[in-house]
Protein chains: 2
Amino acid sequence: MYDQLVDYIKSKITVSEQELEVILSYFKPVKLKKNELLLTHGQTSQRTFFVGTGCLRIFFITEEGQDATRYFAFEGQFATALVSFITSEPSEEFIQAVEDSEVFYITHNGFYDLLEIIPQWEKFYRSYLENAYVTNTRRLMSFLTLDAKEKYRQLLEENPDIVRRLSNKMIASYLNISQETLSRLKSKI
Amino acid sequence: MYDQLVDYIKSKITVSEQELEVILSYFKPVKLKKNELLLTHGQTSQRTFFVGTGCLRIFFITEEGQDATRYFAFEGQFATALVSFITSEPSEEFIQAVEDSEVFYITHNGFYDLLEIIPQWEKFYRSYLENAYVTNTRRLMSFLTLDAKEKYRQLLEENPDIVRRLSNKMIASYLNISQETLSRLKSKI
DNA sequence: CGAGGCCTTGACCGCGGTCAATGCCCGTGG
DNA sequence: CCACGGGCATTGACCGCGGTCAAGGCCTCG
């Protein structure tokens, strides 16, 4: 049941079996129903999640009440409201299960304990941060350069899963366009 | 002459004098004229820069030939085309001196050597990545939620230096609005 | 002194957002 | 099992933000 998580960790760093056990002992499983929130605006992000089955999304709500999705995490991916996790300040972002899901979490304290206990964990965190940075920067560049249609095209190419699996509402929120515009785009393609 | 750099490093991590010397030995100074490029599109980002005097900017050019600035680094700040530095792939981004500048650089290889040699350097990199991530994510959120006027207002509050010191062209590029729009905004405030 | 770059201002217009109406699908309870 | 209600998707009408194009003035540097 922890297999996916083990595979993921081993794909990033080299650790002994003992170390692996220590690492795993910090992760706890949780089951989630669709739409359940793991973190809301104003709370401090104290946990990082690994998705076993289902899907989580990280999003925030603008002053006008629209939601904007920053990230979807499917099976085998990590996710958290990273800014708040790093700064320990109240989070702008929400974390929500998009479908019924089974996830594992490690607490912020646990995560930082591991940085002290397991030398390789620092490398794990490095890789996590690097990935998060690259993903986010690419996303920033897309928003600065692409119009609605181009954003949708890019999504179709680079993340067809998202389009296949999620509702228009979710997709529109991820592309930061209105549902109506997305609907019109789809009918034209 | 290396004082600023020393202060910066000491503010981030605790190192012995010997370690500090090792670290500094990896940094080389360069003088730059205004508009000089340190990296252009298609090259791999092999260096990270620390600004002693002057200002660097990181930007990229869209298909329509507009430039969009991702980051300004003033005195006492680090800067690089981080995505390319991390991935070792050709950079989308350019690095340019906005003014006559004096900077120090460390090469990608040097940087990774230090990760092996100086245990604390891993922590330095961690802090660097965390900052870069937080900055970029906040920026992404601004672009998703604010209109032109609000972006300008936010800039005035959070980075008045940029407004005071740089040309309208630079500011507009940073806010990702046209020079004309910025000009109209300024006249209204 | 001339040329080129930057800033400003006006005219125009297109992308994409909002509002509203309608249809569809699905889950829930009588 | 069917009826109803609520959420999601589609489509049309409208319009405003901000971009482009163009002209004119100013400053700087060679």
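Residue numbers begin at 1 in each chain, while the letters A, B, ... track the order of the sequences.
Each of A:L182 and B:K186 was assigned the nucleotide of DNA chain C with the nearest heavy atom; the assignment lying further toward the 5' end belongs to B:K186.
Residue B:E150 contributes atom CD, which lies 11 Å from atom P of D:dC17 at whole-angstrom precision. Between the C1' atom of D:dG6 and the NZ atom of A:K169 lies a distance of 11 Å, rounded to the nearest Å. Atoms CG (A:D100) and P (C:dG27) sit 12 Å apart, rounded to a whole Å. Rounded to an integer number of Å, the gap from B:D147 CG to D:dC15 P is 20 Å. If you measure from atom CG of B:L166 to atom C1' of C:dC7, you get 16 Å, rounded to the nearest angstrom. The interatomic distance linking B:N168 (CG) with D:dC27 (C1') rounds to 14 Å, in whole Å. In this structure, B:Y152 places its OH atom 18 Å from C1' of D:dC17, rounding to the nearest Å. We find that NZ of B:K188 is positioned 12 Å from C1' of C:dT9, with the value rounded to whole Å.
Comparing atom distances between the B:S183 side chain and each of D:dC8, C:dG16, C:dT8 picks out C:dT8 as nearest. Residue B:Q179 places its side chain closer to C:dC7 than to any other of C:dA11, C:dG16, C:dC7. Candidate nucleotides C:dC6, D:dT10, D:dG18 were compared by shortest atom distance to the side chain of B:T181, and D:dG18 ranks first. Which of C:dT9, D:dC17, D:dT10 sits closest to the side chain of B:R184 comes down to C:dT9.
For the pairing with A:H108, the ring pair (Phe, Tyr, Trp, His ring centres under 6.0 Å) check across A:Y125, A:F85, A:Y26 returns one residue only, A:F85. Applying the side chain to side chain donor-acceptor pair (under 3.5 Å) test between A:S142 and each of A:Q154, A:E158, A:E150, A:K151 identifies A:Q154 as the sole match.
A donor-acceptor contact under 3.5 angstrom links the side-chain atoms of B:E180 to the base of D:dC21.
A:N35 comes within 4.0 angstrom of nothing in the nucleic acid, heavy atoms only. Using a 4.0 Å heavy-atom criterion, one finds that A:Q66 contacts the sugar-phosphate atoms exclusively. Within 4.0 Å (heavy atoms only), A:S167 reaches sugar-phosphate atoms of the nucleic acid but no base atom. Among the protein residues, A:E64 comes within range of no part of the nucleic acid, since none of its heavy atoms lies under 4.0 Å from any strand. Looking at heavy-atom distances under 4.0 Å, B:I177 makes contact with sugar-phosphate atoms alone, never a base.
Contact check, B:S178 against D:dG18: no side-chain N or O comes under 4.0 Å of OP1 or OP2.
Taking all atoms of both residues into account, the shortest heavy-atom contact from A:C55 to A:R165 is CB-NH2, 4.2 Å. In terms of heavy atoms, B:N176 sits closest to B:F143 at CB-CE2, 3.9 Å.
The local environment of NZ in A:K12 is crowded, with over 12 non-hydrogen atoms from other residues, nucleotides or ligands closer than 6.0 Å.
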